[in-house]
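Quick notes on the structure that follows.
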Amino acid sequence: MPAWIDGTDEALPRGGIWIRPAKVKVRFGRLIHPNTQEKNRDEQERLSLEVLSAFRHLACLEVEPSLNGNKENHSL
């Protein structure tokens with residue numbers, strides 16, 4: 001099950017030393033089932049691409065700034 005965690009950069013910014021309060025969101029993708037009948041390189045590649053695609057989809061649901069400067073959540 002792929003998961004995307006958003007907001008940790010505000011809780012601990014790059015180069016930061018102390019964790020600070022921040023709103024952190026976790027989004028879960030759909031379950032990804034491996035084909036147990038196929039245990040070869042093609043199946044490993046298919047799984048890798050499916051997981052990568054799921055992460056990209058979850059990342060696209062990130063909070064985006066709106067025209068008025070507020071953040072809008074475009075989640076599922």
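Owing to the predicted nature of the structure, the values given are computational and were not obtained by experimental measurement.
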Assess whether atom CD1 of I19 is packed by more than 12 heavy atoms of other residues, nucleotides or ligands within 6.0 Å. no
Going by the rule salt bridge (charged side-chain N to carboxylate O under 4.0 Å, His left out), which residues pair with E43 if we only count those two or more places apart in sequence or in a different chain? R46
Applying side chain to side chain donor-acceptor pair (under 3.5 Å), name anything that partners R30, two or more places apart in sequence or on another chain. E50
Examine distances only and state if a side-chain atom of R14 and a backbone atom of D9 form a donor-acceptor pair shorter than 3.5 Å. no
Would you say L49 ends up clustered with F55 if hydrophobic residues are merged whenever their side chains have heavy atoms under 4.5 Å apart, either directly or through other cluster members? no
Does M1 share a hydrophobic cluster with V26, counting links as ILVMFWY side-chain heavy atoms below 4.5 Å and allowing steps through other members? yes
Shortest non-hydrogen contact from A22 to G7? CB-O, 4.2 Å
Specify the closest pair of heavy atoms between W4 and L58, including all atoms of both residues, with the distance to one decimal. CB-CB, 3.6 Å
My understanding is that only residues two or more places apart in sequence, or in another chain, count here; which of them pass side chain to side chain contact (heavy atoms under 4.5 Å, CB included) with I17? none
